[in-house]
S.K.: 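The structure under discussion is supplied below as structure tokens; questions concerning it will follow.
Throughout, protein chains are lettered first and strands after them, A, B, ... in sequence-line order, and every chain is numbered starting at 1. These values consider heavy atoms only, across backbone and side chains, with no hydrogens, waters or symmetry-generated copies. Given the structure is predicted, the values throughout are model-derived calculations rather than measurements.
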There are 2 protein chains.
Amino acid sequence: MAAPEQLEAYEGPATIEKVAALCRRRGFVFPTSDIYGGLGSSFDFGHYGVLLIQNVKSEWQRSMIQERDDVVALDSAIILNPQVWVASGHVGGFSDPLIDCRTCKHRFRADHLETSQCGRRPSKRPGETADCDLTEARDFNLMFETFIGPVREDASRAYLRPETAQGIFVNFKNVTSSMRVKPPFGIAQIGKSFRNEITPGNFLFRVREFEQMEMEFFVPPAEAAEWHTYWINERVRWHLDLGLRPSHLRVRAHGADELSHYSSATSDLEFLYPIGWQELEGVANRGDYDLNQHSEASGTKLEWIGHEERYVPHVIEPALGVGRSALAFLVDAYDEEVVADRPRTVLRLHPRIAPVKVAVLPLIGKEAPMVEKARPLYEELRKVMSAEYDDSGQIGKRYRRQDEIGTPWALTIDEQTLADGTVTLRDRDTLEQERIPLDGAKALLADRLEQPWHPRS
Amino acid sequence: MAAPEQLEAYEGPATIEKVAALCRRRGFVFPTSDIYGGLGSSFDFGHYGVLLIQNVKSEWQRSMIQERDDVVALDSAIILNPQVWVASGHVGGFSDPLIDCRTCKHRFRADHLETSQCGRRPSKRPGETADCDLTEARDFNLMFETFIGPVREDASRAYLRPETAQGIFVNFKNVTSSMRVKPPFGIAQIGKSFRNEITPGNFLFRVREFEQMEMEFFVPPAEAAEWHTYWINERVRWHLDLGLRPSHLRVRAHGADELSHYSSATSDLEFLYPIGWQELEGVANRGDYDLNQHSEASGTKLEWIGHEERYVPHVIEPALGVGRSALAFLVDAYDEEVVADRPRTVLRLHPRIAPVKVAVLPLIGKEAPMVEKARPLYEELRKVMSAEYDDSGQIGKRYRRQDEIGTPWALTIDEQTLADGTVTLRDRDTLEQERIPLDGAKALLADRLEQPWHPRS
């Protein structure tokens with residue numbers, strides 16, 4: 001971490017625009033409701049996008065829950081009792097300061113005024129022209145509101161959760177009384193959250209509707225600093241194991257002036273996106289703030305009661321967005337090169353993250369003897385991994401398509417298969433082709449999926 | 001299907017209340033925000049609930065997408081452009097008729113008036129007492145409303161989707177232009193939907209915030225009836241393969257008076273819950289209604305253009321709720337019996353649905369030689385399946401806990417393990433214990449997970 005070889009600025013072939021264009025063309029990500037003109041920065045995931053984000057989530061879950069003894073899962077509702085958000089401080093304080101212009105009627109974030117554009121032509125920064133008539137800044141709450149039941153009155157007002165974390169805190173007692181856990185232990189949750197951002201943007205980087213992966217790790221107060229360090233290291237390892245370049249990842253501790261009101265220490269894992277170093281994941285030491293707030297507001301004391309001890313645990317929280325994580329994997333994997341005088345675009349995704357693990361390709365798509373070998377192989381493979389069968393057109397074009405969606409391996413059935421029972425295994429990254437026995441293909445690929453991936457700089 | 005051996009009424013040991021109590025006690029399902037008094041019929045999933053619903057979703061996805069050539073995945077946003085819901089008919093017509101009582105101020109569904117209770121004491125049915133002063137029925141839209149951006153005005157009004165289907169229809173062109181699909185083909189989606197129900201209830205059966213599994217299958221118009229039948233049969237097979245009793249499942253075709261405005265034929269797969277026969281899944285023939293509505297409203301023609309043909313596909317839609325499906329598996333699996341004079345509660349879940357596949361239990365929890373065998377076995381198993389390690393207390397109590405969460409297998413490490421390298425494999429359902437080599441346990445269980453399960457009546 002904080003290794004000296006990290007880059008100052010992004011130097012790779014990706015841009016946000018190129019990645020977004022590939023995502024749309026190849027069925028990863030579409031603008032939401034785009035036949036109706038879209039809906040600001042909101043996106044739908046197509047087939048390969050669904051598989052990609054499922055892989056990201058399932059790797060997180062495998063590492064954070066399945067392969068540990070000390071973390072359990074939770075999936076709380078999006079609409080909670082609104083008292084939760086009063087106690088957490090979100091009703092009172094989860095807001096951006098906004099400024100209105102009485103002339104052009106636009107609204108601007110007070111802390112973004114320098115880079116905002118006036119709604120009038122010629123467009124300038126607000127305040128630069130005599131036309132501008134700006135109000136004082138007023139706080140605008142970022143929670144989406146809705147109403148439960150048929151009557152629209154204050155009693156039925158509710159919010160779409162702006163984070164999954166509070167759903168974990170209010171279940172502290174449910175979990176400790178039903179599961180075999182004791183501190184240090186964690187509760188992990190993956191789910192949608194909503195923030196009514198004034199200025200979303202940069203493709204999947206900042207959106208109003210997003211999915212989070214959050215884990216609250218409850219520890220004896222004296223151990224909080226140690227566990228904070230532990231989780232920073234664990235989370236760095238996770239991103240690197242799944243293929244992010246070490247030179248594109250760094251840890252930055254928040255200064256005292258940056259800390260949230262609930263946090264005694266926060267470190268960001270920052271990633272070098274094409275737009276520069278940005279937060280990929282936060283690891284916060286939330287102390288006992290949240291459990292105390294909910295104890296006081298609900299009248300239910302949230303604490304750990306052991307045989308000879310009784311205390312309010314402190315909380316370490318690693319939290320990141322699925323979309324922001326997927327975008328990091330995509331831009332880091334994006335590559336362009338020229339092979340045999342032809343340009344090639346390729347997503348060098350880690351095999352466990354790649355939407356499709358293997359493509360099965362009969363060299364001559366409609367030739368019955370090849371199909372008779374290729375179909376059963378494909379149908380055997382897809383039982384245990386995401387696989388594709390493609391018998392369309394030229395083989396080169398089919399390889400190119402698989403390169404663009406990041407498929408690490410292709411198995412080609414050709415004349416030689418009919419003669420000796422071997423198939424060609426093509427590697428997406430090296431373009432090397434080796435002949436392997438058709439019968440052993442499934443076991444070989446299943447094994448490769450479990451192996452560590454070659455490191456990148 | 002519609003087999004003669006189906007039951008008239010539920011006769012098993014489960015009740016909704018018993019299943020809900022077990023779910024809470026054992027960490028499957030908690031009332032949402034219950035330290036704040038809950039939020040009506042809304043639930044959070046605990047650790048085992050998360051694993052259970054993930055298994056249900058992943059079996060659906062495996063059967064509907066991964067093991068097919070002709071269905072692709074989609075994950076559209078919860079908040080779509082509001083024009084989508086105008087075109088789909090939801091803004092105009094997705095409503096319940098409501099009646100107010102001017103005396104007690106309560107609201108009732110006009111079509112449920114017979115079974116509703118007046119808010120006054122002594123409570124009677126509205127209209128039964130002279131006190132009641134009922135209004136005419138008025139339509140109440142079931143969509144949750146919210147507002148995007150900082151200004152609360154009509155232009156920024158939006159809805160939480162009441163179904164995932166429309167997110168599929170509006171992406172028809174994105175999918176056909178980016179993926180190698182042609183009719184007949186499907187687009188499948190799993191995700192949360194929201195309906196502002198006036199009278200939710202019966203635990204997970206009817207809730208306001210729920211997760212759906214929907215697939216829209218686009219076919220040439222002439223083939224619609226045939227594919228409708230095909231999908232009814234496929235979906236029945238899925239439920240039975242995963243362990244629902246044939247005597248608890250039936251297919252019922254809607255009468256002409258029950259059909260939605262968009263549907264030319266719908267069949268419900270009904271399940272015999274403890275509360276009686278209820279809809280578990282619907283398989284609708286939606287015709288070309290939705291694509292036509294969105295073509296007209298958006299100005300983008302949604303149609304299939306082949307080499308020599310051009311038409312608006314008809315749509316067959318199998319759709320069910322994750323919670324309702326999980327509840328069916330839970331109540332059908334719930335069993336009580338007396339073993340060796342002691343009562344036993346057991347969830348006889350299909351192994352692929354069960355939250356935990358195997359428990360690893362050192363007979364004497366703290367004895368180092370047993371732990372040295374048990375821990376590595378557990379750590380090997382959890383890499384490939386959900387596993388638990390339990391070294392707490394009496395072995396009988398540990399078995400009982402695993403029975404209640406539906407774990408099909410337990411591996412016990414005892415004195416004999418140290419002598420001959422075998423472990424005890426205990427079967428949850430038969431209670432039989434066999435000795436198997438420790439080294440072969442992982443392969444044996446992985447193989448059993450792939451086998452068809454023993455059928456039940």
S.K.: For B:R138, which atoms come within 4.5 Å of any heavy atom of chain A: side chain, backbone, both, or neither?
M.R.: neither
S.K.: Using heavy-atom distances under 4.5 Å, tell me whether A:I187 contacts chain B through its side chain, its backbone, both, or neither.
M.R.: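 Looking at A:I187, nothing touches chain B.
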S.K.: Examine whether an atom of B:D390 lies under 4.5 Å from a heavy atom of chain A, and if so say whether it belongs to the side chain, the backbone or both; otherwise answer neither.
M.R.: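 B:D390 touches chain A through backbone and side-chain heavy atoms alike.
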S.K.: Tell me, side chain or backbone of B:N174 under 4.5 Å from chain A's heavy atoms, or both, or neither?
M.R.: both
S.K.: Please check: side-chain N/O of B:R195 versus main-chain N/O of B:L142, any donor-acceptor pairing under 3.5 Å?
M.R.: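 Checking the backbone N and O of B:L142 against the side chain of B:R195, no donor-acceptor pair under 3.5 Å is found.
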S.K.: Could you tell me which portion of B:I53 (side chain, backbone, both or neither) has an atom closer than 4.5 angstrom to a non-hydrogen atom of chain A?
M.R.: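 Contact with chain A is through the side chain of B:I53 alone.
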S.K.: Pick one of side chain, backbone, both or neither for A:Q166, based on which atoms fall under 4.5 Å of a heavy atom in chain B.
M.R.: neither
S.K.: Using non-hydrogen atoms only, which part of A:K173 is less than 4.5 Å away from chain B: side chain, backbone, both, or neither?
M.R.: neither
S.K.: If we count only N and O atoms by modelled type, under 3.5 Å, do the side chains of A:N141 and A:Y159 hold a donor and an acceptor together?
M.R.: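 No, A:Y159 and A:N141 have no side-chain donor paired with an acceptor closer than 3.5 Å.
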S.K.: What part of B:E388 lies closer than 4.5 angstrom to a heavy atom of chain A: side chain, backbone, both or neither?
M.R.: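 Contact with chain A: side chain only.
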S.K.: Where does A:R382 contact chain B at under 4.5 Å (heavy atoms): side chain, backbone, both or neither?
M.R.: both
S.K.: Measure B:A297 against the heavy atoms of chain A and call it side chain, backbone, both or neither at under 4.5 Å.
M.R.: both
S.K.: Between chain A and each of B:R68, B:E379, B:R208, count heavy-atom pairs under 4.5 Å; write down the option with the most.
M.R.: B:R68
S.K.: Say whether B:E209 and B:S42, considering side chains only, have a donor N or O and an acceptor N or O under 3.5 Å apart.
M.R.: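 Short answer, no.
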S.K.: Any side-chain to backbone donor/acceptor pair from A:S295 onto A:L302? Under 3.5 Å, distance only.
M.R.: yes
S.K.: By a 4.5 Å heavy-atom criterion (distance strictly below it), what part of B:L51 contacts chain A: side chain, backbone, both, or neither?
M.R.: side chain
S.K.: Checking side-chain contact (heavy atoms from CB on, under 4.5 Å) against B:I35, which of A:N81, A:V84, A:V170 comes through?
M.R.: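 That would be A:V170; it is the only one of A:N81, A:V84, A:V170 passing the side-chain contact (heavy atoms from CB on, under 4.5 Å) with B:I35.
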S.K.: Using heavy-atom distances under 4.5 Å, tell me whether A:V86 contacts chain B through its side chain, its backbone, both, or neither.
M.R.: neither
